**Student:** 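Got a structure for you, questions after.
Fair warning: this is a prediction, and the values are worked out from it, not measured in the lab.
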Amino acid sequence: MNNDYKKIVPSIFIQDGRAVKWFGGKTVLKEEPLELAKDFANHGADSIMIFDLSEEDSEHEKNLGVIKNICASVDIPVTGAGNVKRLEDIKKLLYAGCRKAALNFKKADNIKLSEEVSTRFGREHIAACIDNPDQMEKGRNEIKNYISTLILVNEENLEASADWVDRACSNNANPISVGLLPLFHKKSFHELAAVLRNYSVQGVSGGDINEKPKNFMDFKRQCKGLGIPVNTFESSMKWSDFKLNSDGMVPVIVQDYKTDEVLMLAYMNEEAYNRTVETGRMNYWSRSRNELWQKGDTSGDFQYVKSLTADCDNDTILAKVLQIGNACHTGRRSCFFNTMLKKEYDDANPLKAFEREYNTILDRKAHPKEGSYTNYLFDKGIDKILKKVGEECTEIIIAAKNPNPEEIKYEMADFLYHAMVLMVEKGVTWDEITKEINSR
């Protein structure tokens, strides 16, 4: 975890593929934990912790599938914990997309395992769950050398644990410092702020943080007012820095943050701008109704801010957002759908081309077509698909030995097609691959 500011880290406890209230809890919060994770991410959480509470292998695999979906769908780091018994379990959590995987130091075997997994995957990816200072004492050497974050799961020992961590950090020659992340059951935002202010912790989890995501930004502003360094959503520009139009407003062009699709045009006055910065959700001023409106208040189609950028004259804002549902009041994704004229042009975009081809292959698998080569590969199964991927790899090597680069383009296209068939067969998406590349 970054030491520049204190973190708000809600926790999700997964049992049989569903989100439950607490360790061993039977109260189901969400049938789909992904909805909970998106709620946390969209409202300002800095990271998410996920605890796999499974006991049987079949449930463990089911929960891993849920964790994979969460990691692929949210843009903030995820720490995975629970049911870790061997190196393979750490590997599964990290390969599912978790930024960190946590060992339970209540188990002596996990303390011994920390050196192996840290060497294999990197210390920055390994955390440890502690529920009393004795466990920290037993794992003193391992924590200093192989653990990047401590997760305290017993709040009653917070003071003693925090003191131990202070001493451990001060004596730690390793450049990656040890951190402490307390996990609470029933603490209010007010009590959590006091913890962040008075103890050497990097972040807090549990209590109101788990139960009231819509209040995250208010809580962060409360912490900032107490002198606690937190990551609030702030702009480098004040409203007075903008050049306003004759109505005292600034036009806002809104784009999808991943595809760059232009979604809509709206206007902000000072109140709308400040409210957008405070909440992390797009707010505008309605010129027809003469009132402030938050996008999605009535439709549920919220826009969560990813970035705000001013143009060269400071008289227009470009907002990149996560759009929930549709941007247009007509029910369309974008307000720009009335084509006035169009020349023929090549709008080939590499990622869009891959996505289009991938979706075609995905559709063939779901809706087989007679005579389709793609369906032939799926029918023959994984061994045939792997054989073709290997053959196409060899063809690229042979083509690369020839002086004509045209052969390489042809063979690369063949290889990428067969690789996408393999991706569909194994349930891997381009989004997951690009996330993996960006995280390296």
Side-chain angles (χ1 to χ4, degrees), residues 34 61-62 64-75 78 80 87-99 101 117 119-122 125 256-261 344-440:
L34 177 57
E61 290 302 318
K62 185 177 183 178
L64 279 172
V66 172
I67 293 171
K68 179 181 177 182
N69 286 338
I70 290 174
C71 292
S73 302
V74 301
D75 294 319
V78 173
L87 181 143
E88 186 68 17
D89 296 322
I90 293 287
K91 176 182 174 182
K92 285 181 178 179
L93 285 170
L94 295 177
Y95 281 18
C98 292
R99 185 74 59 86
V117 296
T119 303
R120 170 75 182 276
F121 301 110
H125 297 298
D256 182 285
Y257 82 112
K258 282 192 174 179
T259 66
D260 284 341
E261 178 185 15
E344 293 301 321
Y345 57 85
D346 182 3
D347 63 348
N349 175 297
L351 185 54
K352 287 183 179 178
F354 289 145
E355 283 285 0
R356 186 163 52 245
E357 183 73 3
Y358 180 93
N359 289 333
T360 300
I361 295 168
L362 193 65
D363 183 69
R364 283 286 186 272
K365 186 172 176 65
H367 308 98
K369 185 177 180 180
E370 187 175 352
S372 164
Y373 175 66
T374 301
N375 286 126
Y376 163 76
L377 292 174
F378 285 133
D379 290 342
K380 289 295 183 180
I382 187 66
D383 287 344
K384 180 66 174 178
I385 295 170
L386 293 175
K387 183 173 183 291
K388 289 301 297 181
V389 170
E391 288 174 358
E392 297 303 334
C393 249
T394 304
E395 293 292 335
I396 292 174
I397 295 170
I398 294 171
K401 298 292 287 183
N402 295 327
N404 189 349
E406 293 300 318
E407 288 188 45
I408 296 179
K409 289 188 282 187
Y410 181 83
E411 298 301 344
M412 283 292 294
D414 268 359
F415 169 76
L416 287 168
Y417 158 75
H418 287 91
M420 281 187 275
V421 173
L422 176 60
M423 287 165 61
V424 170
E425 178 70 13
K426 301 301 291 184
V428 176
T429 68
W430 277 117
D431 191 55
E432 291 172 309
I433 290 175
T434 53
K435 273 196 171 186
E436 176 62 27
I437 291 171
N438 286 336
S439 70
R440 294 186 176 186

**Student:** Between Gly427 and Glu432, which heavy-atom pair has the shortest distance, and what is it?
**Tutor:** O-OE1, 3.7 Å

**Student:** About how many Å separate CZ of Phe354 and OG1 of Thr434, when rounded to the nearest 0.5 Å?
**Tutor:** 11.5 Å

**Student:** Would one find more than 12 heavy atoms of other residues, nucleotides or ligands at under 6.0 Å from atom NZ of Lys387?
**Tutor:** no

**Student:** Which residues pass the side chain to side chain contact (heavy atoms under 4.5 Å, CB included) test with Thr394, not counting sequence neighbours?
**Tutor:**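 Partners of Thr394 under the side chain to side chain contact (heavy atoms under 4.5 Å, CB included) test: Ile398.
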
**Student:** Taking distance alone, no hydrogens or angles, what donor-acceptor pairs closer than 3.5 Å link side-chain atoms of residues 412-424 to residues at least two apart or in another chain?
**Tutor:**
unit_1	atom_1	unit_2	atom_2	d
Tyr417	OH	Thr374	OG1	2.7
His418	ND1	Asp414	O	2.8
His418	NE2	Tyr373	OH	3.0

**Student:** For Lys380, I'd like to know if atom NZ has over 12 heavy atoms of other residues, nucleotides or ligands within 6.0 Å.
**Tutor:** no

**Student:** Under the criterion salt bridge (Lys or Arg N to Asp or Glu O under 4.0 Å), which of Lys388, Lys365, Lys384, Arg364 is the partner of Glu425?
**Tutor:** Lys365

**Student:** Drop me the distance from Leu362's CG to His367's NE2, to the nearest 0.5 angstrom.
**Tutor:**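 Between atom CG of Leu362 and atom NE2 of His367 there are 9.5 Å.
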
**Student:** Look only at the side chain of Asn402 and the backbone of Asn404, and say whether a donor-acceptor pair between them is shorter than 3.5 Å.
**Tutor:**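 Such a contact is absent between Asn402 side chain and Asn404 backbone.
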
**Student:** What are the two closest non-hydrogen atoms of Asp431 and Ala72, and how far apart are they?
**Tutor:** OD2-O, 3.3 Å

**Student:** Give the table of side-chain donor-acceptor pairs shorter than 3.5 Å for residues 90-98, with sequence neighbours excluded, one pair per line with atom names and distance.
**Tutor:**
unit_1	atom_1	unit_2	atom_2	d
Lys92	NZ	Glu61	OE2	3.0

**Student:** Go through the steps for Ile382 and Lys426 under the test side chain to side chain contact (heavy atoms under 4.5 Å, CB included), then give the verdict.
**Tutor:** CA-CA 9 Å; Ile382 187 66; Lys426 301 301 291 184; 4.1 Å; yes

**Student:** Taking Asp363 for its side chain and Asn359 for its backbone only, find out whether a donor-acceptor pair lies under 3.5 Å.
**Tutor:** no

